[in-house]
Amino acid sequence: MTHAVPGRPRLGAVARKIGGHLGRGLAMIWVVATISFVIIREIPGDPVLGQYESLIQKGMSPEQAERATAVLYGFLPTGNLWQQYVGYMGSLLHLDLGRSLSTPGVEVTTLIGHAARWTVLPVLAGTLLSFLLGVTMGVYAAIKRSGKLGDALALSGSLLHGVPVYVIGLLLTAIFATLWPIMPSGGPVDVEFVPGFNAGYIGSLVHHAVLPVVTYTLASYGGWILAMKSNVVAVLGDDFILAAELRGLRRGFVFRYLARNAILPLFTILALSIGMLFGGSIFIEEIFNYPGLGLLLVNSISSRDYALMGGTFLVITVGIVVANIAADLLYTAIDPRVRSGGAA
């Protein structure tokens with residue numbers, strides 16, 4: 001009984017925290033879905049009504065044209081604004097994002113699902129590599145901050161942090177695909193390989209993914225090394241580091257103390273950066289002609305495929321919202337001070 005009573009408030013607090021995050025996340029998704037509906041409907045020329053009238057001119061009855069247009073956009077082209085909005089939201093609840101205009105007969109969810117796999121793996125690989133590299137170099141940059149190594153590491157972080165991601169991608173393409181052509185310039189895989197679990201196909205996938213992954217890595221590396229250096233310098237002034245050194249602990253133990261305490265705030269940024277890179281993938285995928293969500297969004301805009309545009313934008317937003325929620329829950333789980341309500 002003595003252990004159960006203090007546990008109840010903690011469980012209730014965790015449930016309230018998760019509920020609050022889910023509520024805010026759903027509210028954000030609803031706002032983005034509403035904006036997508038307004039954009040599709042209010043674009044000059046009203047593409048929904050234009051599609052409806054075009055189908056009637058081709059010989060369809062008003063009822064057939066209405067059903068066909070509703071399939072394309074997820075809501076009826078007739079009726080007042082509220083009826084169209086309710087129809088659109090009802091379709092989203094059933095995970096129906098409509099059908100693509102640029103790829104007739106194909107559902108938007110199918111196109112997004114196919115593109116997502118080309119975005120998720122490079123984004124995850126690039127983010128984790130930049131995190132590990134930046135955190136490690138950030139610790140050394142802080143410890144050696146009075147020497148040339150520390151200055152060089154800090155300078156590399158500052159330079160890369162200020163370079164736009166598309167500039168990094170273009171430079172890598174110019175160097176390794178044009179001047180020194182050891183990497184493919186674009187596409188996800190060589191066409192001569194048969195898709196499947198075979199060495200040639202997998203090797204081609206990895207070969208084509210190198211430049212996009214390196215671009216993701218370099219684009220984030222500067223932020224990680226600068227943030228980690230700043231955190232380590234702050235931790236170096238804590239009393240427990242001085243006490244550890246006075247007790248004669250080996251430098252390896254002190255190094256682990258530093259890294260463990262300085263890295264905690266960065267876990268929140270790690271999850272957030274994964275979500276934000278889904279949006280930043282637009283530039284990288286366009287440069288390398290990589291068929292992910294970013295390139296899908298660009299193509300949907302250029303082809304005026306409004307259903308695909310709204311669906312892709314909504315999925316990218318959901319990824320960012322989920323990353324936001326995961327970041328806060330992860331930080332709560334790994335930091336005992338937050339877990340105990342900040343009493344420590």
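Keep in mind it's a predicted model, so treat the numbers as computed, not measured.
- F313 pairs by the ring pair (Phe, Tyr, Trp, His ring centres under 6.0 Å) definition with nothing, not counting sequence neighbours.
- Summarising the geometry, atom CE belonging to M309 is positioned 5.5 Å from atom CD1 belonging to I301; distances are rounded to the nearest 0.5 Å.
- For the pair S302 (side chain) and N299 (backbone), a donor-acceptor distance under 3.5 Å is present.
- A chain of hydrophobic side-chain contacts below 4.5 Å, direct or via other Ile, Leu, Val, Met, Phe, Trp or Tyr residues, connects I35 to L308.
- Note: F37 and Y85 have perpendicular aromatic rings, judged against thresholds of 30 and 60 degrees for the angle between ring planes.
- Looking at residues two or more places apart in sequence or on another chain, you find a side chain to side chain donor-acceptor pair (under 3.5 Å) between S156 and Y221.
- When every heavy atom of R117 is checked against every heavy atom of P122, the shortest pair comes out as O-CD, 4.4 Å.
- Follow the hydrophobic side-chain contacts under 4.5 Å out from L26 and you never reach V32; the two are in separate clusters.
- In this structure, L93 CG and Y88 OH are separated by 11.5 Å, a value rounded to the nearest 0.5 Å.
- Among residues two or more places apart in sequence or in another chain, the side chain to side chain donor-acceptor pair (under 3.5 Å) test is passed with Q64 by S61.
- Nearest heavy-atom pair, G311 versus V108, reported as atom, atom and distance to 0.1 Å: CA-CG1, 4.3 Å.
- Contact check for F288 versus T215: side-chain heavy atoms found under the 4.5 Å cut-off.
- The hydrophobic clustering, which links ILVMFWY residues whose side-chain heavy atoms are closer than 4.5 Å, places L172 and V165 together.
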Please determine whether side-chain contact (heavy atoms from CB on, under 4.5 Å) holds for the pair L205 and W118, giving the CA-CA distance in whole Å, both sets of side-chain angles, and the decisive distance to 0.1 Å. CA-CA 10 Å; L205 286 176; W118 297 109; 3.5 Å; yes

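- A pairwise comparison of heavy atoms in A33 and L92 identifies CB-CD1, 3.5 Å as the closest pair.
- Residues L211 and V163 are members of one and the same hydrophobic cluster, defined by side-chain heavy-atom contacts under 4.5 angstrom among Ile, Leu, Val, Met, Phe, Trp and Tyr.
- Atoms OG and CD1, from S220 and I168 in turn, are 8.5 Å apart once rounded to the nearest 0.5 Å.
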Full working for side-chain contact (heavy atoms from CB on, under 4.5 Å) between L153 and Y140: CA-CA 8 Å; L153 290 173; Y140 281 105; 4.0 Å; yes

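- Expressed to the nearest 0.5 Å, how far OG1 of T69 lies from CE of M60 amounts to 8.0 Å.
- The nearest pair of heavy atoms linking T109 to L95 is CG2-O, 3.4 Å.
- The backbone N or O of V106 lies less than 3.5 Å from no partner atom in the side chain of T110, so there is not a single donor-acceptor pair.
- Here the closest heavy-atom approach between residue I56 and residue A65 is recorded as CG1-CB, 3.6 Å.
- Residues that satisfy the side chain to side chain donor-acceptor pair (under 3.5 Å) test with W224, not counting sequence neighbours, are S130.
- Counting only distance, with no hydrogens or angles, the side chain of E285 and the backbone of P291 share no donor-acceptor pair below 3.5 Å.
- The distance from atom CE of M137 to atom CG of L132, rounded to the nearest 0.5 Å, is 11.0 Å.
- In this structure, M89 and T34 have side chains that are in contact, with non-hydrogen atoms separated by less than 4.5 Å.
- In the displayed structure, M28 atom CE is contacted under 6.0 Å by at most 12 heavy atoms of other residues, nucleotides or ligands.
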Quick one: do V123 and Y216 satisfy side-chain contact (heavy atoms from CB on, under 4.5 Å)? Show the steps, please. CA-CA 7 Å; V123 165; Y216 284 120; 3.7 Å; yes

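- Panel note: side chain E107, backbone R99; no donor-acceptor pair is recorded below 3.5 Å.
- Across all non-hydrogen atoms, the minimal contact from S158 to L226 is OG-CD2, 3.8 Å.
- The closest donor-acceptor contact from the side chain of T119 to the backbone of L293 lies under 3.5 Å.
- Every residue was checked against the side chain to side chain donor-acceptor pair (under 3.5 Å) condition with T317, not counting sequence neighbours, and none meets it.
- Heavy atoms of other residues, nucleotides or ligands lying less than 6.0 angstrom from OH of Y166 number 12 at most.
- One distance of note links CG of D151 with NZ of K144; it measures 13.0 Å at 0.5 Å rounding.
- The list of side chain to side chain donor-acceptor pair (under 3.5 Å) pairs with a residue in residues 201-212, not counting sequence neighbours, reads D190-S204, D190-H208.
- V315 and V322 fall within the same hydrophobic cluster, defined by Ile, Leu, Val, Met, Phe, Trp and Tyr side-chain heavy atoms under 4.5 Å apart, directly or through other members.
- Taking 4.5 Å as the limit, every side-chain heavy atom of L97 sits out of range of all side-chain heavy atoms of S91.
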